[in-house]
Amino acid sequence: MKTYILTAFEANGEKLLEESLQAENDEAAKKQGEQLLQEKQLLEKTHRLTSPSGKLLLFHS
């Protein structure tokens, strides 16, 4: 399992969420990240999901 980091922000830069996700691969992490954002009603906020190698998997501004 790999560790991915999901972060969501307000427009003013205030951090709303920063969570580590455990997933087998990038696709599983993206699905997990989108689900978590939807559950917390943060899908429309600025967010990003990064892989252990620093690759940007999800981004919304």
Side-chain angles (χ1 to χ4, degrees):
M1 293 282 235
K2 299 177 184 175
T3 302
Y4 296 80
I5 305 296
L6 178 65
T7 312
F9 302 92
E10 277 291 358
N12 66 3
E14 176 188 353
K15 197 180 294 183
L16 299 171
L17 173 77
E18 183 169 52
E19 288 202 23
S20 298
L21 308 174
Q22 296 289 318
E24 287 292 327
N25 56 47
D26 291 355
E27 277 305 310
K30 280 177 66 173
K31 187 174 182 178
Q32 203 175 347
E34 287 173 336
Q35 183 178 355
L36 185 59
L37 288 166
Q38 189 169 14
E39 287 172 8
K40 296 191 180 276
Q41 299 177 341
L42 296 172
L43 208 49
E44 296 304 314
K45 299 289 185 180
T46 300
H47 61 265
R48 67 179 176 223
L49 175 66
T50 55
S51 73
S53 64
K55 183 177 174 185
L56 193 57
L57 302 175
L58 285 177
F59 182 77
H60 177 74
S61 62

Whichever hydrophobic residues join Leu56 through chains of side-chain contacts under 4.5 Å: Phe59
ILVMFWY cluster membership beyond Leu49 - transitive side-chain contacts under 4.5 angstrom: Tyr4, Leu6, Leu16, Leu17, Leu21, Leu36, Leu37, Leu42, Leu43, Leu57, Leu58
Straight-line distance of Gln32 CD to Glu27 CD, nearest 0.5 Å: 12.5 Å
Summary of salt bridge (charged side-chain N to carboxylate O under 4.0 Å, His left out) pairs that have at least one residue in residues 4-18, sequence neighbours excluded: Glu10-Lys45, Lys15-Glu18
Separation of Lys40 NZ from Glu19 CD (nearest 0.5 Å): 5.0 Å
Crowding at CD, Gln41 (>12 non-hydrogen neighbours, <6.0 Å): no
Minimum side-chain heavy-atom gap Gln22-Lys2 below 4.5 Å: no
